[in-house]
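See below for the structure under consideration.
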There are 2 protein chains.
Amino acid sequence: MSNFSTIDHRAGMFKALSNPHRLALFSRLMSCCAPGTRCNAEKEVRFCVGELGDGLDIAPSTLSHHLKELNRAGLVNMERRGKNIECWVEPSVLDSLAAFFRQI
Amino acid sequence: MSNFSTIDHRAGMFKALSNPHRLALFSRLMSCCAPGTRCNAEKEVRFCVGELGDGLDIAPSTLSHHLKELNRAGLVNMERRGKNIECWVEPSVLDSLAAFFRQI
DNA sequence: ACTAAAGTTCGACATATTTCGAATTGTAGT
DNA sequence: ACTACAATTCGAAATATGTCGAACTTTAGT
């Protein structure tokens, strides 16, 4: 835990985003607002696992695996709600990633 | 017109950044400027391939492979200058990546 | 032309990733 | 209790990746 460097942690995030299916899932969760606007915490977009996979043409087990990877990387939160499991992205995660690339 | 979607293109960038060695290389270059210019007044930063690998403890062939991956993903530019090959990151690449995550 | 330095390419090998189907778990409604 | 639905776990197979050393290329200096 203490020997888990910042570089490794961030590389883990990028690895989670390096698969086109996972990036599509993440993009879907990310794009809760129109460009130029910001989601407030209340307006966080939540999809259940099944909805997220719509149109991706992958098996449920594969979808589950990918979401788990996104979750393990700290990019996506998951929480059971009844029969479904809800997924969402914390705005702070996006802030942190944007800040990594922001220059000057 | 191309069958190379935006998602796939961006996933390719994140894949290039998903390896800790490559992310370390990119991070080093991120603070650099275009060739022939200076990052800041204090330290002149000119990274040839060999310098980039300093402290990473990987074979030259592995280093070369990683830089090639970063270049293929469109993240790093490379240009021969005498015996060395100079590497740098275009600011627009950082802008594009930051914009992807920035929701404000 | 010869040599050394800086990188690249190639071939090989070990490890990791992606994906699926089958079986399983958890939840809600009948 | 039974059934249907949502999602996960497991095991296996094909493919991709990371790494190295050896051989090669390109350039600068002698």
Side-chain angles (χ1 to χ4, degrees), chain A residues 4-5 7-29 45-88, chain B residues 4-5 7-29 32 35 45-88:
Chain A
F4 191 59
S5 79
I7 281 278
D8 286 342
H9 181 241
R10 226 174 258 290
M13 289 185 163
F14 293 135
K15 174 173 283 180
L17 298 175
S18 74
N19 176 278
H21 284 151
R22 282 197 300 266
L23 184 57
L25 295 167
F26 185 77
S27 295
R28 202 156 189 182
L29 286 171
V45 164
R46 295 190 177 205
F47 284 100
C48 67
V49 173
E51 287 169 338
L52 274 172
D54 278 354
L56 250 51
D57 198 35
I58 51 177
S61 54
T62 304
L63 175 61
S64 181
H65 165 71
H66 283 323
L67 257 343
K68 190 177 170 185
E69 289 296 304
L70 287 166
N71 178 251
R72 286 206 309 164
L75 294 170
V76 166
N77 293 74
M78 303 176 79
E79 190 177 83
R80 175 143 233 146
R81 190 181 181 104
K83 258 194 302 194
N84 301 319
I85 293 186
E86 285 185 347
C87 307
W88 74 98
Chain B
F4 191 58
S5 78
I7 281 279
D8 286 342
H9 181 240
R10 226 174 259 289
M13 289 184 162
F14 293 134
K15 173 172 285 181
L17 297 176
S18 74
N19 176 276
H21 284 152
R22 283 198 297 268
L23 185 57
L25 295 169
F26 185 76
S27 294
R28 247 184 199 183
L29 286 171
C32 196
V45 193
R46 295 174 60 198
F47 288 109
C48 65
V49 172
E51 287 170 339
L52 274 172
D54 278 355
L56 250 54
D57 198 35
I58 52 178
S61 55
T62 304
L63 174 61
S64 181
H65 165 70
H66 283 322
L67 256 343
K68 189 176 170 185
E69 289 296 303
L70 288 165
N71 178 251
R72 288 206 310 166
L75 294 171
V76 166
N77 293 74
M78 303 175 80
E79 191 176 82
R80 175 143 233 145
R81 189 179 183 116
K83 258 195 303 193
N84 300 318
I85 292 185
E86 215 174 63
C87 306
W88 74 97

To the nearest angstrom, the NZ-P distance between K83(A) and dT30(C) comes to 10 Å

From C-beta outward on N84(A), which listed nucleotide comes closest to its side chain: dA6(C), dA7(D), dA22(C)? dA7(D)

With a 4.5 Å cut-off on side-chain heavy atoms, are E69(A) and R72(A) touching? yes

Roughly, in whole Å, what's the span from CG in L56(A) to P in dC20(C)? 10 Å

Nearest-Å distance for atom pair CG/P, residues L23(B) and dG18(D): 13 Å

May I have the distance from L52(B) (atom CG) to dT8(C) (atom P), rounded to whole angstrom? 11 Å

Nearest to the R80(B) side chain among dT19(C), dT26(D), dC20(D), which nucleotide is it? dT26(D)

Name the closest nucleotide to the R22(A) side chain, picking from dT18(C), dT9(C), dC20(C). dT18(C)

Pair N84(A), V49(A) - check side-chain contact (heavy atoms from CB on, under 4.5 Å), show working. CA-CA 7 Å; N84(A) 301 319; V49(A) 173; over 6 Å; no

Per nearest nucleotide of DNA chain C, the residue lying toward the 5' end, K15(A) or V49(B), is V49(B)

E86(B) atom CD is separated from dA5(C) atom P, nearest whole Å, by 21 Å

Classify the nucleic acid contact of H66(B) as base, sugar-phosphate or nothing, counting any heavy atom under 4.0 Å across all strands shown. sugar-phosphate

Have a look at I58(B) and say if it touches a base, only the backbone sugar-phosphate, or nothing, with a 4.0 Å heavy-atom cut-off. sugar-phosphate

Whole-Å distance between dG18(D) P and D8(A) CG? 13 Å

Does CG belonging to D57(A) count more than 12 external heavy atoms closer than 6.0 Å? no

Just the rounded figure in Å: distance from P of dT9(C) to CG of L67(B). 12 Å

Indicate, with a heavy-atom threshold strictly under 4.0 Å, whether H65(A) touches base, sugar-phosphate, or nothing. base

For T62(B) and A59(A), take the nucleotide of DNA chain C holding the closest heavy atom to each; which residue's nucleotide lies nearer the 5' end? T62(B)

Does the base of dG7(C) carry an N or O that pairs as donor and acceptor with the side chain of S64(B) under 3.5 Å? no

What I'd like to find out is whether the side chain of L25(B) reaches to under 4.5 Å of the side chain of L56(B), using heavy atoms alone. yes

Which whole-number value in Å describes the distance from L25(B) CG to dG18(D) C1'? 13 Å

Would R46(A) and E79(A) pass as an ion pair if we require N to O under 4.0 Å? yes

